[in-house]
Amino acid sequence: MKFIQKAINNYDEEAESIVTPKNARFAAAAICVFCILGGLAFGAFAATAKGVFLGGAVAQLLFRQHELTIGKSVKSANPQGMTVSNYMVRLIIKGITLFVAIQNPDVGIIGCILGLLSVPYGIYALAFADWIIHRKTGKEV
C-alpha cells in the first residue's frame, strides 16, 4: 500500500506531464470527432456518428467513474475486491452498450466500438505526445 501511495504522491507533484484526466477527456473527444468524420468515407455517416456518440459518451462516463473510485479503492479495507467489483460493473455497462448498438439498426456497431475505445486511445496518444515532448527537451519521462 505504501508503494501505491508513494506513486500517487509522485504523480501529483509532476506538473510537467500533459497526461492528465482533463487532457485525456479532450483527446478522447478529438478521437471521437475523427471517427465520426471517418464515417463519411464509408458512406454510413449517420449510423457511425450515432455509434461513436453512444460509445464515446459511455466511455467518458466510465472513465469519470473510474477516476472517482480509484482513490476510494486504495483507501478501502479491501482494495482488490473493490477494484474487481468496479471493473466488473464497468465491463457489464460496456456489454450493455454494445448490446444496445447491436439491437438498434440506426446505431453503427463499429462506431460504438470506436467510441468505447476512444478513452484508452486518447490516453495512449497523450502518453506518446508526452514522450515526444520529453525526448526533445531531454527531460526524463
Side-chain angles (χ1 to χ4, degrees), residues 1-42 44-141:
M1 294 301 281
K2 290 180 183 179
F3 172 76
I4 295 172
Q5 194 63 35
K6 185 177 178 183
I8 291 171
N9 291 340
N10 287 341
Y11 181 75
D12 289 340
E13 294 171 3
E14 192 173 299
E16 294 182 23
S17 177
I18 62 170
V19 183
T20 63
K22 182 179 178 182
N23 289 345
R25 285 188 207 96
F26 178 74
I31 288 174
C32 284
V33 169
F34 178 75
C35 291
I36 289 172
L37 294 176
L40 285 173
F42 296 108
F45 177 73
T48 304
K50 288 177 187 176
V52 169
F53 181 74
L54 174 67
V58 169
Q60 292 284 347
L61 291 173
L62 292 177
F63 181 64
R64 180 67 179 152
Q65 187 265 343
H66 180 68
E67 183 183 1
L68 291 174
T69 60
I70 194 74
K72 293 177 187 175
S73 67
V74 169
K75 297 174 185 173
S76 73
N78 185 11
Q80 184 178 6
M82 189 170 180
T83 302
V84 169
S85 65
N86 285 332
Y87 175 76
M88 293 306 289
V89 167
R90 287 191 301 275
L91 189 64
I92 290 169
I93 291 172
K94 285 181 183 180
I96 291 170
T97 303
L98 288 174
F99 180 75
V100 167
I102 290 169
Q103 294 299 316
N104 191 345
D106 294 336
V107 177
I109 184 70
I110 300 298
C112 185
I113 292 170
L114 291 174
L116 285 171
L117 293 175
S118 65
V119 172
Y121 286 146
I123 293 170
Y124 294 148
L126 283 176
F128 182 70
D130 193 42
W131 175 74
I132 293 292
I133 290 169
H134 282 94
R135 189 183 68 159
K136 287 187 177 183
T137 61
K139 295 181 181 177
E140 291 289 323
V141 177

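When a residue number appears, it is its place in the shown sequence, counting from 1.
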* Structure fact -> What one should report as the nearest heavy-atom pair of Ser76 and Ser73 is OG-O, 3.0 Å
* Structure fact -> Distance col, row Leu98:CG vs Ile113:CD1, nearest 0.5 angstrom, shows 5.5 Å
* Asked: Side-chain contact, heavy-atom cut-off 4.5 Å: Val119 with Ile123?
  -> yes
* Name of the residue among Ile93, Leu91, Ile92 meeting side-chain contact (heavy atoms from CB on, under 4.5 Å) with Val89 -> Ile93
* To do: Working to the nearest 0.5 Å, report the span between CD1 of Ile109 and CZ of Phe99.
  => 11.0 Å
Which donor-acceptor pairs under 3.5 Å do the side chains of residues 50-66 make with protein atoms, sequence neighbours left out?
residue: Gln60; atom: NE2; partner: Arg25; partner atom: O; Å: 3.3
residue: Arg64; atom: NH1; partner: Glu67; partner atom: OE1; Å: 3.4
residue: Gln65; atom: OE1; partner: Arg90; partner atom: NH1; Å: 3.2
residue: His66; atom: ND1; partner: Arg90; partner atom: NH1; Å: 3.4
residue: His66; atom: ND1; partner: Arg90; partner atom: NH2; Å: 3.1

* Can you check whether Met82's main-chain N or O pairs, donor with acceptor, with Asn86's side chain at less than 3.5 Å? -> yes
